[in-house]
Every structure is written in structure tokens, then in C-alpha cells.
2 protein chains.
Amino acid sequence: MSSHTPINRKVTLNDIAAGCELSRATVSLVLRGSPLVNKHTRARVEEELRLQGYVYNRSAANLRRRTSSSIALVLNDLANPFFAEFAAGVDQTLGEAGFVTLLGCTSESATREQAVLSSLLEHGPGGIILSPAEHSNAHDVLAAVGARSPLLLFNRELGGTLPEFAHWDQLMLDNQHGARLATEHLIARGHQRIAFFGGHRDSSSCSQRHAGYVQAMQAARLPIEPHWRIECAPTRLEAAHQTSALFAGTPTPTAAVCYNDAVALGLMLGLNQRGLRPGQDFALTGFDDIAEAALGMPPLTTLSTAPRERGQQAAKLILQRLQEPQADSRQTIAPVQLVVRESSCAPPTA
Amino acid sequence: MSSHTPINRKVTLNDIAAGCELSRATVSLVLRGSPLVNKHTRARVEEELRLQGYVYNRSAANLRRRTSSSIALVLNDLANPFFAEFAAGVDQTLGEAGFVTLLGCTSESATREQAVLSSLLEHGPGGIILSPAEHSNAHDVLAAVGARSPLLLFNRELGGTLPEFAHWDQLMLDNQHGARLATEHLIARGHQRIAFFGGHRDSSSCSQRHAGYVQAMQAARLPIEPHWRIECAPTRLEAAHQTSALFAGTPTPTAAVCYNDAVALGLMLGLNQRGLRPGQDFALTGFDDIAEAALGMPPLTTLSTAPRERGQQAAKLILQRLQEPQADSRQTIAPVQLVVRESSCAPPTA
DNA sequence: AGTTACATTTAGATCGTTCTAATCCGGCAG
DNA sequence: CTGCCGGATTAGAACGATCTAAATGTAACT
């Protein structure tokens, strides 16, 4: 065993000070690289730190300084690759800024969200990045975090009215514009009967995407049939099950703008089961550009949201907010990019 | 604005004590549900806590009690769905036990791993769950964390010899057994010429899986040709590129046990490009059971590792270790399960 | 020598909690 | 009246850092 391995208790500033016959204060100055301290003593102290295997106790420092070096990251679904990439981006940027990420997953439960938030708050994060659970509302979140903690909402808006005095920041995807791009792309390919498939009507992202779809259809003076809007949970399985609903009424659509990639991949399965070849007999688009999108059969036309970059952006935004707590709240809308692949074919030349 | 919203500074035990004309100590007892305190005063204090919007400062408490309520989770690649699921499982179980997760991503860089570990340690986690970066070694990890912090290694072993006095726990997948199951399954389907495809020879998980493959082949008295082992990075793209190597020598294999799902999916692409239909003209298996495996064309026979359950298990193991720091170190090997799908067809009846 | 200036070091309070060892008080036995 | 018990409360020192204000030492300038 190497001689510097600490045997028993944690070694503190006092131990180092004693070892050098100096005061705590001086050692503390050394740790923080103060120019006040004599370079000879600095060297002595640094040697001792190494020798005793000192590790800085940031909690103690934060307590005294009334600062924080952590950010809470609360996600509705970490298992979703989109949020996993996002989290990786957040952690990377926070880490570079010397902050640490306190993770919390809510599994889409507003109840758990409350519990997770208050548990994380007890550890005194400097700020919070929150991607809300499905039926989370502004009132409860406010009760849990108070109006004092900097909060950045990501991806979804909160239900209920959010009080004006809590100036929370927002980082949202440009859902409406993205869906409009997808729809316009299908129209440019020659489609006239286009459905909007998947998602729940009361989710903010879904209604925004639907709005973009409507916008594009109206701009092209194309009709929208009510039975061309199919709701379903945003999972592959549900989407596959709802496929038949697409063809229940007439006129039948020749293409669909899907709520997201998961839904689109599910729809592909459903189409195959009906003997329709996606990307040949029927066109469709997704949203998110998850890894599987590029590998589908056929590869999926979708909107790239660059989740890792969003994570980095979210981290930067919350760090900025820490710098200027009083600044006006920011509403950021991140652009999305259309990625054209083979699933968005022209309509069959009937 | 509701009247209880705190206006200015953080409210502390002192504020509550003053509000009730009691001492800090009594309030502290109330917080921790001590039976010592009179039930009437308890009610008064709880009212005041609610009124002032008190939030517990766990860092301060941890400082005084010399305890910790956090666990560091250090991952080589959070963007990988396998690890994302794992992280979700860890966080869930830790949360239920009142612990919080300190996240750190290393992006497969041993250098970043060092930085991340020492940064996290400054926040005084009670223990560490580490899925090491690719070329991480025991010596460096020891230097960063010391021998005192409970550490659980997940998924990969560390390079170098790990010192016997640092009793670190391990949670590994049963790679060897899994690969053996896959190989036996192919043999049972009638294959005799089976290759082992993908992965790097120096990765511990790869060599374990290869060993399982060899075991099954030898048990069935089947020959193994040297040119049936193809190495490549565990990504889809690399795997697709290496497909031709499989058919370079004679006799050519009729099936392949792939290092993992990513490699298997890449191989499918490569087979398609050569005009071979995976699951009909050539059989293959994967490892991990990622979400895409079930949706491939054809669906992939693979080994399910239940990453979320592994995360829960890892959390339980590290919490157990916190209870009994002196107990002998545990080496846990998690079972894997063969999931048979269509990619593992019988050989063509030539 | 006395004063000032500067560089370096430090004693001691402090952050918000917990813990130890009292203290206080009403009742009850002797 | 005294002593003791037990329930309820508390003063004050921790925990490991930082910060303020002051102390120390040394050199330079009147």
C-alpha cells in the first residue's frame, strides 16, 4: 500500500495546517490560489496536501459561502434516447463549468415529480432544469421549488397559469415550424391528402406540431378532414395499433405527418401488416431524429432536434441565469432541421 | 402571491425557532420526528415550518453528522440506451432510499474519468457506481477515489491489477454464459459453421463472450476456423464494413454470434448489400436486447440484459455496502436471457 | 527612533445543522 | 422540606470550510 493512502478519517484543512505549522486560513488561501500567500509556503502546503491525500469538501465551502456548485436535472423519462442525449449534453457543459449534476427521474408522474423536486432541493442546487412530467402544473411546481430558485423549463410547458412573479426561463423546440416543414415537404412531393398521426391533444408539443401542420395545409389551400387526426400515446406499440384508424374514413390519406419518430416507426409496422410498403405506397415523416430513424426500413424523414446540443444550451442558459438572477426571463426556441430520407416518397401515381 | 412565499433569504432552523420562541435544538428534534418533543409543541413547530416555507438543508446536516446522502454515478456513455436505462434504474432505487444521484459522464475517455471522479468526490458522495471508460485502469481510479470510498464496478473490469486492499464490489453481466446460450441455440437450429463477429479482443466483455462461444462449439465438437473471428469497433457502421471479411475464407459460415446488437444490425445491413437475406440465407444473434432489436428486419435474436433491473441492483448493492463497509467485497454476475426472434433461422437446406 | 507601507499570516466568528450534557419544572415519595 | 424522577427543553460546541479584521514582520523613509 502506498504510504500516502489515508488510513482512517477524512483529512481536513486543519490536518494540513497542523502538518505545515500554519493556520487553516493560510491553507485555505493556497487552495484557492490566492496571490497573497508566499510562494515558498505555497509549495510547502501543496506538498502536504499531496502527502496527506487531501480532498476538498465543497459542501462545507458552499455552506459558508452561501453558494452552490450543483444543478438539478429533473427528467420525465431518462430511458428515452432523446432525453438521455440531452442529459449527456447538460452534464458535459455543467462539468466544464465546475458544476455537478443532481439527477432525478420522474417517470412521467407528477406525484413523483413533486417528491423528486423537494428531495433535490434539500441538497441546495443553484438551479433546476426541468422537463415536466405529463400532467405537471405550474402551481405544484411553484409550491415545491419556491419562486427563488432559478428554473429552466425544457421541452414542455407547464399546465395551469404560471405566476408572473416567478420568472422562469424556457427552452422549447420549434415544434410548430418543424411540423410545418415536414408538411410542406410532403406537399412538395405531390401529396394532397395528408394526415396528422399520433400524440395526445392536451400535450403542448403535440398541439404545436399539429398547428404547424394545419398552417402548411392551409397555406397550400389543401383540405383537412377531421378523421385525418388520429390520437394515440407516443409509443411504437400504440401507434401500430391505431394504424387502421387512418384508413377508416374516406377520402383516405396518402401520407402522414407523425407526432414523433416512435409513432412513425410504429405506423411503419402497422402499414406493413396491412400490406402497404412505407416509403413506396404511403409516405410518412417523424420528429426527433432518434438513432433508429436512420436505420428504419425505409429510413425515416424526420426533424432533427440535436438533443445533445439542446442539453448544452440548457446548461448554458441556467448558468447565465445564476450570473444574473434579476435579469428578465428568457424564452428560447431552438430551431429544428428537416432531414429528408426515403420514407417521404411521392404519392403512388394512381 | 400566496403569503407563505419566502421573500428574501433562505429560512433556517433559527428562523423557525425564533418564530415559535423555542430553541434550534427542539425544532431540529421535530424535524427528525423525535418522540422526545411534546406533541403540542410539535404541532406548533410544524405549522411554523409550513408558514415560513422552510426547506431542509441536507448538506449542513451531512456536514455535522459526517454522513452522506448521495451516490456518484459515473458512466462511460449515457447516450447509449443501455446505460440510460441503467441510470434510470439506479436513480429510481436510490431515490426510494432517500439518496440523490450525482451524475458524471466520461465519454469513454479515461482522462475525463479522472476529472469527473475527483470533481464528484469533492461533493462527498457516500459511494460510487462506476462503469469504466475504455482504457481506464485500476491504478488511476484508486489514486482518484482512494481506498476508502465504497465503489461498485459495473459492466467492465478495470485494466491493471486492482490492489487487494481496496475491496471494490463488482456487478457484471454473464457474458460468457449468454454467448454460450446464443451459440447453442444456433447449433440446435442445425448450424455447424458459426462465426464470432465484432468487438475488440482486449475488451473484457468481448473476450468473455468469445469464450462462451468457444465453449459451446467445443461441447458440440464443432470446429472453429480462425478466419471466423472478425474484430471491429462495436458500431453499426464498422460492422457493415467488415461484412465481407466473413466470407473471405473457406469454409464460409452459415451463422454468426455477434458481439452486440449494434454489430448485429450493422451486419444485417452488410448482408443485404451482398444480396443475402438475414434470417433466411444467414442466421445471426446479438447481445443487449436494445429497443431496435425487436424492430429490425428481421427482428433480432439476442440476449436480454434488463438494464433497468441492473441499475436497481447496482443501487441496492452500493447501499448495502454503505451499511456494512467492512464486509467482504461482492462479485455479482447478473444472468442474461436468450430472446429468440426471427434472425436465427435454420441453415439453408442446400 | 518613529512612522509608514507593504507583504504575509492568523484568530475567531460564521454558514445551518446535530449532538452532548446539562437545565428546568412539576409531581411524588420519604 | 428535601430529594429524586422523568418529560421537555436548551446552551454551546462541534462539522469543514471562508471571511473579516487585525496582527506580525520587514523594509523604507523621515
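Here is the naming used below: chain letters follow the sequence lines, and residue numbers restart at 1 for every chain.
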Tell me whether the side-chain N/O atoms of [X] come closer than 4.0 Å to OP1 or OP2 in [N].
X: R66(A); N: dG16(C); value: yes
X: R32(B); N: dC19(C); value: yes
X: S28(B); N: dT18(C); value: yes
X: R65(A); N: dC15(C); value: no

So what does [X] touch, heavy atoms closer than 4.0 Å: a base, only the sugar-phosphate, or nothing?
X: S59(A); value: nothing
X: R24(A); value: base
X: A25(B); value: base
X: T12(B); value: sugar-phosphate
X: L22(A); value: sugar-phosphate

Rounded to the nearest 0.5 Å, what's the gap from OG on S107(B) to CG on D77(B)? Could you check?
-> 7.5 Å

Say you draw a straight line from OG1 of T101(B) to CG of D91(B); how long is it, rounded to the nearest 0.5 Å?
-> 3.5 Å

Between [N] ([atom2]) and [X] ([atom1]): distance, integer Å:
X: L36(A); N: dT10(C); atom1: CG; atom2: P; answer: 13 Å
X: L31(B); N: dG16(C); atom1: CG; atom2: P; answer: 14 Å
X: E21(A); N: dT10(C); atom1: CD; atom2: P; answer: 10 Å
X: L13(A); N: dG12(C); atom1: CG; atom2: C1'; answer: 15 Å
X: N57(A); N: dG16(C); atom1: CG; atom2: C1'; answer: 14 Å
X: K39(A); N: dT9(C); atom1: NZ; atom2: P; answer: 13 Å
X: Y54(B); N: dG16(C); atom1: OH; atom2: C1'; answer: 7 Å

Would you say the side-chain atoms of S23(A) and T26(A) include a donor-acceptor pair closer than 3.5 Å?
-> yes

Determine whether the side chains of T12(A) and N57(A) contain a donor N or O and an acceptor N or O closer than 3.5 Å.
-> no

Atom of S131(A), atom of N76(A) and distance for their closest heavy-atom approach | OG-OD1, 2.8 Å

Contact summary for R321(A) and A327(A), nearest pair of heavy atoms = NH1-O, 2.9 Å

Of S23(B) and L63(B), whose closest DNA chain D nucleotide lies nearer the 5' terminus?
-> S23(B)

Select from R64(B) and V37(B) the residue whose nearest nucleotide in DNA chain D is closer to the 5' end of that strand.
-> V37(B)

Under a criterion of less than 4.0 angstrom to any heavy atom of chain B, what are the 5'-terminal and 3'-terminal contacting nucleotides of DNA chain D?
-> dA8(D) to dG16(D)

Has the side chain of T106(A) got a donor or acceptor atom that lies under 3.5 Å from a matching backbone atom of L75(A)?
-> yes

Examine distances only and state if a side-chain atom of E48(A) and a backbone atom of C20(A) form a donor-acceptor pair shorter than 3.5 Å.
-> no

Using rotation axes that map the C1' atoms of four end pairs onto the next four (five pairs an end), what angle separates the end axes of the helix from dA1(C)-dT30(D) to dG30(C)-dC1(D), to 10°?
-> 80°

Geometric class of the F154(A)/F82(A) ring pair [parallel <30°, tilted 30-60°, perpendicular >60°] = parallel

Under 6.0 Å from the NE2 atom of H139(A), do we count more than 12 heavy atoms belonging to anything else shown?
-> no

